[in-house]
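The structure appears below as structure tokens.
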2 protein chains.
Amino acid sequence: MEMQSDAEIRRGPAVLEGVIANLPMFRAAPRQSLAELARHARSQHVHRGTAVCRRGDPMAGFYAVAYGMVKLALRTDAGEEKVLRLVGPGETFGEAVMFLEKPCPVDAIALADSLLVVLPAEPVFALLERDPRFARSLIASLSQRMHGLVADVEASSLRGGLQRVAAYLDAHAESGENGVARVRLPTTKTVIASHLGVTKETFSRLLRELAQLGLISVARREITLLERSGLADIARNGPKAR
Amino acid sequence: MEMQSDAEIRRGPAVLEGVIANLPMFRAAPRQSLAELARHARSQHVHRGTAVCRRGDPMAGFYAVAYGMVKLALRTDAGEEKVLRLVGPGETFGEAVMFLEKPCPVDAIALADSLLVVLPAEPVFALLERDPRFARSLIASLSQRMHGLVADVEASSLRGGLQRVAAYLDAHAESGENGVARVRLPTTKTVIASHLGVTKETFSRLLRELAQLGLISVARREITLLERSGLADIARNGPKAR
DNA sequence: GATCGAAATTGAGGTGGATCAACTTCTTTC
DNA sequence: GAAAGAAGTTGATCCACCTCAATTTCGATC
């Protein structure tokens with residue numbers, strides 16, 4: 001523990017700078033600014049299942065994920081939760097809240113042991129003051145995020161469950177070894193289900209429905225897309241428009 | 001027609017500058033920058049029911065509403081629509097899309113005869129380059145917008161219809177003449193319903209339910225909040241937790 | 001103030017997805 | 001590698017909200 005902490009302190013700054021430099025919003029920033037940010041940043045290790053911050057917490061900066069995965073979720077008093085976003089390596093969260101200087105509106109929970117980089121607000125504001133290109137990147141980043149949110153609203157208010165699942169699989173396809181399209185779910189089906197706006201039970205049934213249509217085959221978290229075009233068709237036109 | 005156009009050209013710039021100066025994001029901008037922006041801006045009159053822009057259109061700038069009202073909505077091929085936001089006087093839309101340099105993701109339809117101010121991207125980018133305070137305001141504005149979207153997602157995925165209606169009324173209450181809280185719906189119930197994520201039929205029934213509970217009384221678009229606390233209670237805790 | 005189209009209400013009936021419950025299969029831990 | 005717990009599946013049932021259809025009311029126009 002003592003030794004690990006020691007090692008982190010020694011190699012910390014360089015690692016931090018590396019993580020920061022690879023964030024999309026800092027791509028255009030000069031090296032000196034990055035070093036400056038890294039000097040004020042700190043790393044934070046969180047274990048699987050623990051909260052990075054909870055709704056209502058003050059937010060004195062924003063977070064970047066170095067490795068691991070964090071879910072941003074809303075929860076009701078009754079314990080139901082809606083996953084807003086899954087944040088993976090190289091992605092950030094909390095920027096918008098930092099600027100509003102309001103308490104955190106969501107829960108952020110680590111889904112895996114994760115290393116986060118915390119960027120305090122002040123140095124970011126300072127950089128903003130001095131580097132218009134950074135401002136531009138940050139604005140682009142926020143705009144992108146907003147576009148994603150609008151897409152989610154569109155999906156969950158205008159499309160049915162099957163359509164959303166099909167669209168999700170289509171959007172997350174990677175081509176596997178022999179050119180076969182596959183999706184590896186980044187976390188549990190329960191969490192994915194909540195992200196897609198259905199219960200785990202319904203998600204399970206929808207996957208089975210797609211499998212019975214011969215469009216996919218499911219093995220644990222590995223999903224093979226057997227008929228990409230049919231899947232894309234459902235994603236676009238829904239189940240009925242056969 | 002010719003005369004009106006003439007008049008607009010003459011007094012246009014001053015009016016435009018006035019409208020722009022009163023937008024939250026330009027509050028901190030120096031007068032000279034405002035004049036500069038106003039010089040590149042143009043006004044656009046749209047009649048009730050006509051489209052300002054449609055999904056897929058290129059967006060070479062963003063819009064401010066001087067008077068009137070615009071709805072931003074997503075629509076399905078089948079004609080159903082989901083209203084994302086109602087934009088009234090002194091509010092803006094299209095900033096995020098402008099920065100993404102992507103086609104417009106929503107339809108923008110005038111709900112009343114409206115005067116819009118169109119701010120082309122280039123001068124905004126230029127101002128951004130030169131005035132960090134403006135960048136800060138713009139970022140704050142986008143963050144605010146995002147916060148609103150998240151709140152909408154929360155409402156429509158975690159709360160039931162009655163709860164959403166109650167929350168809407170509670171949030172939009174103004175105190176009328178004799179200190180009685182009232183809400184004047186800004187547009188048709190059909191549009192409000194879509195904004196709240198229910199059909200007009202359901203909205204009608206939910207209002208009636210609240211009325212039968214003695215919490216409100218409805219007269220056309222004028223709604224009187226008879227028991228503010230009971231309404232707020234439903235908004236927070238739902239109908240069951242009596 | 002009569003007329004016509006849009007908006008709103010009301011009723012009857014259907015349904016997508018939630019809920020509840022039992023069980024199976026993974027995963028983690030000691 | 002056994003035990004305990006988390007995640008996933010499956011079936012039965014339920015319900016909030018939607019859909020369809022018939023009026024009624026409102027609001028603009030002549």
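Per chain, numbering begins at 1; letters A, B, ... match sequence-line order. Computed from a predicted model, the values in this text were never measured in an experiment.
Atom CD1 of B:I192 is separated from atom P of C:dA8 by 9 Å (rounded to the nearest Å). In this structure, CG of B:L111 is placed 10 Å from P of C:dA7, rounded to the nearest angstrom. C:dA7 atom P lies 15 Å from atom CZ of B:F203, rounded to whole Å. Rounded to an integer number of Å, the gap from B:R48 CZ to C:dA7 C1' is 11 Å. Regarding B:E209, its CD atom lies at a distance of 15 Å from the C1' atom of C:dT10, rounded to whole Å. Straight-line distance from the NZ atom of B:K82 to the P atom of D:dC18: 11 Å, rounded to whole Å. With rounding to whole Å, B:R208 atom CZ is found 16 Å from D:dC17 atom P. When rounded to the nearest whole Å, the span between NZ of B:K200 and P of D:dT24 equals 17 Å.
Taking 4.0 angstrom as the limit, A:K189 places a side-chain polar atom (N or O) nearer than this to OP1 or OP2 of D:dT9.
Pairs engaging residues 183-194 of chain B under the salt bridge (charged side-chain N to carboxylate O under 4.0 Å, His left out) rule: B:R184-B:E222 [sequence neighbours left out].
The ring-ring contact (aromatic ring centres under 6.0 Å, His included) search around A:H172 returns A:Y168, not counting sequence neighbours.
To the nearest 0.5 Å, the span separating CG on B:L215 from CG on B:L207 amounts to 11.5 Å. A:L231 CG to A:L226 CG: the interatomic distance, rounded to the nearest 0.5 Å, is 9.5 Å.
In this structure, A:G197 reaches the sugar-phosphate backbone alone: every heavy-atom distance under 4.0 Å involves primed, P, OP1 or OP2 atoms, never a base.
Within a 6.0 Å radius of CZ in B:R48, other residues, nucleotides and ligands contribute 12 heavy atoms or fewer.
Shortest non-hydrogen contact noted between A:H195 and A:D152 is NE2-OD2, 4.4 Å.
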Show me the protein contacts with nucleotides 19-23 of chain D, counting only N or O atoms at under 3.5 Å.
unit_1 : atom_1 : unit_2 : atom_2 : d
D:dT19 : O4     : B:R205 : NH2    : 3.1
D:dC20 : N4     : B:E201 : OE2    : 3.3

